[in-house]
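Every heavy atom of this structure was used, including side-chain atoms; hydrogens, water molecules and symmetry mates were not. Predicted, not measured: the structure shown is a model, and the values here were computed from it.
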Amino acid sequence: MQLSSTVQKLKPSATIAAAAKAKELKSTGVKVYEFTLGEPDFNTPVHICQAAKEAMDAGQTHYTPAAGTAEVKQAICDAYQRDYGLSFQPNQVVVSNGAKHSIHNVLTALCGPGDEVIIPTPYWVSYSALVELTGATPVMVETTEESGFCMNAEQFAAAITPKTKLMMLNNPCNPTGAAYPVETLEALAKVAVEKDIAVMSDEIYEKLIYEGSEFRSFASFGPDVAERTIIVSGVSKAYAMTGWRIGWAIAPAEVSAAMTKLQSQETSNPCSISQAATIAALSGPQDSVAAMLDAFKERRAYVLDRLRKFPEISFAEPGGAFYAFFNVSAHFNKPLGGGKVVKDSSEFCTALLEEAHVALVTGDAFGAPGYVRLSFATDMQTIEEGLNRIEQFLSPA
């Protein structure tokens, strides 16, 4: 059978590919120190699981409306009002099978051949692929370690052309952990209004913010900004619910209607049981969110302290999420652990896995050659030993 040209051009997810490579090595009996996947290592809180069980026992195992039940959409609206003072109506909410699905819905509803979509780099690996699936063209705007990996208003404005349809913003950011300063977000919002550009703000890490940083939803900078903003988020990161597959988009009502129509043809509804669990997550006790954040704070502090002591490594401190994104390019073209010589980040990660049995994700996949990503969403013992091995790898005898 002849595959479509679109799928032939599509690259597999680099994070999933890196995890698969680590799993393959593990299957041979090797102990691998795994830092590839962006997934909390905590179990879903008990009260959320209990709500799912009760929903099953109550027979909530049938189709729901395509964009989610009235109850889960109201719970999402209530959570934004409670947490951020933002007022949304249920008809603005489309609940999907994970935030990645929500992003696909946004792009498919708004973009097509001939359109351009602005993406600050480094960027989450799926952004450009999902843009290309619509026939639109990703326009990359490079940010730097010196800027904290944040795109500024001048860069945004300079990237806009008559073909620009959308800007995709990830705050806090995967892979860098960058949490945009409020004044930078406000300046970006001003450009969006002046140039009449829609903004998809991926805020999936919104609850994972560290001291010295502040989260502000992009839609919070006034009515003119809100009517040009599509928020994407979900329960995966804050509530350790990656496998439940619930994300959402909040958009102007006409855009939400278009996404609902699209989703009704693609997947019907998101899982009915997961919707019930989401209501419990958003409406119930939030202690688990604070407890997970405390654990991530401790891990972050340890990882950054260790990285500062590594030879010829540089990074911008992450203000959110659970990633350390650091520059290893000073170690290219010189002997590393085991005597290997590598020329780029991809070869560095391969050598590190083969020689030190540590799995990271190459920055090449995120549009940031020279960098690697380490997820500290794992236990401290793994982090300590993994960093010991990276340090030895960088300092061969």
*Please identify each residue that fulfils ring pair (Phe, Tyr, Trp, His ring centres under 6.0 Å) with Phe326, with sequence neighbours left out.*
none

*asked:* Quick one about Thr382 and Asp379 (side-chain donor to acceptor, distance below 3.5 Å, no hydrogens or angles considered), yes or no?
replied: yes

*Is it the case that Glu384 and Asn388 place a side-chain donor and acceptor less than 3.5 Å from each other?*
no

*Roughly how far apart are Asp115 CG and Thr137 OG1, rounded to 0.5 Å?*
8.5 Å

_Rounded distance [0.5 Å steps], CG in Leu86 versus CZ in Arg216_ = 8.5 Å

_Donor-acceptor pair between Ser217 and Glu203 side chains, under 3.5 angstrom_ = yes

*May I have the step-by-step check of side-chain contact (heavy atoms from CB on, under 4.5 Å) for Lys73 and Thr69, ending in yes or no?*
CA-CA 6 Å; Lys73 292 200 284 186; Thr69 64; over 6 Å; no

*Test item: Pro122 and Cys173 side chains (from C-beta on) under 4.5 Å apart, heavy atoms*: no

*Under-4.0 Å salt bridge between Lys165 and Glu116*: no

*Going through the distances and angles, do Asp305 and Lys309 end up as a salt bridge (charged side-chain N to carboxylate O under 4.0 Å, His left out)?*
CA-CA 7 Å; Asp305 183 60; Lys309 298 170 184 173; 3.3 Å; yes

*asked:* If we count only N and O atoms by modelled type, under 3.5 Å, do the side chains of Ser147 and Asn152 hold a donor and an acceptor together?
replied: no

*Without swapping roles, check the side chain of Thr134 against the backbone of Thr108 for a donor-acceptor pair under 3.5 Å.*
no

*asked:* Quick one, Cys349 with Val372, criterion side-chain contact (heavy atoms from CB on, under 4.5 Å). Give me CA distance, side-chain angles, the key distance, then yes/no.
replied: CA-CA 8 Å; Cys349 288; Val372 294; 3.6 Å; yes

*Examine distances only and state if a side-chain atom of Glu347 and a backbone atom of Lys343 form a donor-acceptor pair shorter than 3.5 Å.*
yes

*What distance separates Glu71 CD from Asp78 CG, expressed to the nearest 0.5 Å?*
11.5 Å

_Ser128 versus Pro138, closest heavy-atom pair with distance_ = O-CG, 3.9 Å

*Please answer whether the main-chain N or O of Ser233 pairs with a side-chain N or O of Lys237 as donor and acceptor at a distance below 3.5 Å.*
no

*Just by modelled atom types, is the Glu142 backbone N or O under 3.5 Å from a matching donor or acceptor in the Gln155 side chain?*
yes

*Examine distances only and state if a side-chain atom of Thr143 and a backbone atom of Thr121 form a donor-acceptor pair shorter than 3.5 Å.*
yes

_Donor-acceptor pair, distance only, cut-off 3.5 Å: does the side chain of Asn91 make one with the backbone of Ala253?_
no

*CD1-OG distance between Ile313 and Ser329, expressed to the nearest 0.5 angstrom*: 8.5 Å

_Side-chain donor-acceptor pair present, Glu145, Tyr371, cut-off under 3.5 Å_ = yes

_With a 6.0 Å cut-off on the ring centroids, do Phe149 and Phe325 count as close?_
yes

*Hey, mind stepping through Tyr180 and Glu186 against side chain to side chain donor-acceptor pair (under 3.5 Å) and telling me if it holds?*
CA-CA 10 Å; Tyr180 272 70; Glu186 192 168 18; over 6 Å; no

*asked:* So does Glu34 get a backbone contact from the side chain of His357, meaning a donor-acceptor N/O pair under 3.5 Å?
replied: no

*Hey, does the side chain of Arg373 reach the backbone of Thr36 with a donor-acceptor pair shorter than 3.5 angstrom?*
yes

*Considering all heavy atoms of both residues, which atom of Ala192 and which atom of Val199 are nearest to each other, and what is their separation?*
CB-CG2, 3.9 Å

_Test: Lys261 and Glu266 ion pair at under 4.0 Å_ = no

_Are Met168 and Val232 connected into the same hydrophobic cluster when the rule is that any two of I, L, V, M, F, W, Y join if their side-chain heavy atoms are below 4.5 Å apart?_
yes

*Give a yes or no on whether a salt bridge exists between Asp202 and Lys100, defined as a side-chain N under 4.0 angstrom from a carboxylate O.*
no

*Donor-acceptor contact below 3.5 Å, side chain Gln263 vs main chain Ala66*: yes

*What are the two closest heavy atoms between Thr229 and Ser201, and how far apart are they?*
CG2-CB, 4.4 Å

*Would Phe88 and Val225 show up in the same hydrophobic cluster when neighbours are defined by side-chain heavy atoms closer than 4.5 Å?*
no

*Quick one: do Leu387 and Phe310 satisfy side-chain contact (heavy atoms from CB on, under 4.5 Å)? Show the steps, please.*
CA-CA 9 Å; Leu387 288 171; Phe310 283 9; 4.1 Å; yes

Got a list of side-chain donor-acceptor pairs under 3.5 Å for residues 241-251, not counting sequence neighbours?
unit_1	atom_1	unit_2	atom_2	d
Thr242	OG1	Glu39	OE2	2.5
Trp244	NE1	Thr44	OG1	2.9
Arg245	NH1	Thr242	O	2.9
Trp248	NE1	Tyr80	OH	3.1

*Do you know the tightest heavy-atom contact between Glu214 and Ile209?*
N-CG2, 4.1 Å

*Just grab all the ring pair (Phe, Tyr, Trp, His ring centres under 6.0 Å) pairs involving residues 25-67, residues at least two apart or on different chains.*
Phe42-Phe296

*salt bridge (charged side-chain N to carboxylate O under 4.0 Å, His left out) between Glu211 and Lys297: does it pass, once the steps are laid out?*
CA-CA 9 Å; Glu211 188 175 355; Lys297 284 178 181 176; over 6 Å; no

*Taking the six-membered ring for Trp and the full ring for Phe, Tyr or His, determine whether the centres of Phe215 and Tyr84 are under 6.0 Å apart.*
yes

*With a 3.5 Å cut-off and no angle check, do the side chains of Asp364 and Ser346 form a donor-acceptor pair?*
yes

*asked:* How long is the straight-line distance from NZ of Lys195 back to NZ of Lys190, given to the nearest 0.5 Å?
replied: 12.0 Å

*Counting distance only, does the side-chain N/O of Asn170 pair as donor-acceptor with the main-chain N or O of Pro172 below 3.5 Å?*
yes

_A cation-pi test, strictly: NZ or CZ of Arg300 under 6.0 Å from the centre of the six-membered ring of Phe376 and no more than 45 degrees from its axis. Yes or no?_
no

_If you compare all heavy atoms of Ala276 against all heavy atoms of Ala51, which two are closest, and at what distance to 0.1 Å?_
O-CB, 4.1 Å

*Is there a path from Leu169 to Val117 through hydrophobic residues (I, L, V, M, F, W, Y) whose side chains come within less than 4.5 Å of each other?*
no

*What about Tyr123 and Tyr205, same hydrophobic cluster or not, with Ile/Leu/Val/Met/Phe/Trp/Tyr joined at side-chain heavy-atom distances under 4.5 Å?*
no

*For the residue pair Thr161 and Thr164, what are the closest heavy atoms and their distance?*
N-OG1, 2.8 Å

_Ile204 CD1 to Asn174 CG distance, which is reported to the nearest 0.5 Å_ = 10.5 Å

*Check whether Val139 and Leu130 end up in the same hydrophobic cluster, where Ile, Leu, Val, Met, Phe, Trp and Tyr are linked by side-chain heavy atoms less than 4.5 Å apart.*
no

*Specify whether Trp124 and Tyr127 have parallel, tilted or perpendicular ring planes, treating 30° as the upper limit for parallel and 60° as the lower limit for perpendicular.*
perpendicular

